[in-house]
Amino acid sequence: MDDRGFIVPPPGLIPSRPSQPTHTPAPSAERIEAVAPGRALPAFSPPPGPNGPAAPVRPVWRLLLPGGRVVPLTRAVLLGRNPSRGAHAGDAEPIALDDPTSTVSKTHALLVVDGDTLTVTDLYSTNGVVVDGTRAEPGEPAAVPDGAELLLGDLSIRAERS
């Protein structure tokens, strides 16, 4: 027999078959055990990921926008009517806000998650940023507590950890 192109198992890996009688009796548990004795399969644990074992799940910040829209904060985001990236925002994700009162600037604020901390920076907007009743200093990051209300102009946004 020509074995080229086939994988041939090493000797002893597959049990040999006994000679077959002309009629095949129904297999019994004893017969099956004799033909193919039970062998424990090797067990292994999957290897850890490239950075070691999986890290514990950390809370994720999210924004609750008017109209029920929820935005998870997985990286820095720019908020505004039509936000554009500038030198101050790096690779922040722009998120356009629906502003019926026209009090939100084109590029209004930058939100950054660092570990468990969320900060907001007023990007010198016309109507400012208020965090739970305290006006943020333009250009300076301000801490955002869990459950805080952010006012961008007249637009109210809730920031929370989930």
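Side chains are part of it too, since the values below use all heavy atoms of this structure and drop only hydrogens, waters and symmetry mates.
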- Task: Could you tell me whether a side-chain N or O of Thr107 sits under 3.5 Å from a main-chain N or O of Gly80, the two making a donor and an acceptor?
- Result: no
- Message: Just so I know, are the side chains of Val112 and Thr121 near enough to count as touching, which here means a heavy-atom distance under 4.5 Å?
- Response: no
- Nearest-0.5 Å distance, CG of residue Asn82 to CG of residue Asp99: 12.0 Å
- Quick one: side chain to side chain contact (heavy atoms under 4.5 Å, CB included) partners of Arg62, sequence neighbours excluded? Leu64, Val70, Glu160, Ser162
- Query: With sequence neighbours excluded, what pairs up with Thr74 under the side chain to side chain contact (heavy atoms under 4.5 Å, CB included) test?
  - Reply: none
Result block: side-chain N/O donor-acceptor pairs under 3.5 angstrom for residues 139-147, not counting sequence neighbours:
| unit_1 | atom_1 | unit_2 | atom_2 | d |
| --- | --- | --- | --- | --- |
| Asp146 | OD1 | Arg161 | N | 2.8 |

- Return yes if some donor-acceptor pair links the side-chain N/O of His108 with the main-chain N/O of Gly128 below 3.5 Å, else return no. yes
- Query: When rounded to the nearest 0.5 angstrom, what distance separates CG in Leu78 from CG in Leu123?
  - Reply: 6.5 Å
- Working to the nearest 0.5 Å, report the span between CG of Leu97 and CG of Leu63. 8.5 Å
- Could you list all the salt bridge (charged side-chain N to carboxylate O under 4.0 Å, His left out) pairs where at least one residue sits in residues 122-131, not counting sequence neighbours? none
- Message: Tell me every residue that passes side-chain hydrogen bond (donor to acceptor under 3.5 Å, both in side chains) with Thr103, counting only those two or more places apart in sequence or in another chain.
- Response: Thr101
- Message: List the residues meeting side chain to side chain contact (heavy atoms under 4.5 Å, CB included) with Pro72, not counting sequence neighbours, and say none if there are none.
- Response: none
- Note on the structure: All heavy atoms of Gly153 vs all of Asn127, minimum pair found to be CA-CB, 3.7 Å
- Query: Atom CG in Leu155, atom CG in Asp98: separation rounded to 0.5 Å?
  - Reply: 8.0 Å
- Do Thr126 side-chain atoms and Ser105 backbone N/O form a donor-acceptor pair below 3.5 Å? no
- Query: Only one of Thr119, Val77, Leu118 clears side-chain contact (heavy atoms from CB on, under 4.5 Å) with Val113; which?
  - Reply: Leu118
- Note on the structure: Sorted by chain and residue number, the side chain to side chain contact (heavy atoms under 4.5 Å, CB included) partners of Leu151 (sequence neighbours excluded) come out as Val130, Glu149, Ser156
- Please round to the nearest 0.5 Å and tell me the distance separating atom CD1 of Ile157 and atom CD1 of Ile95. 9.0 Å
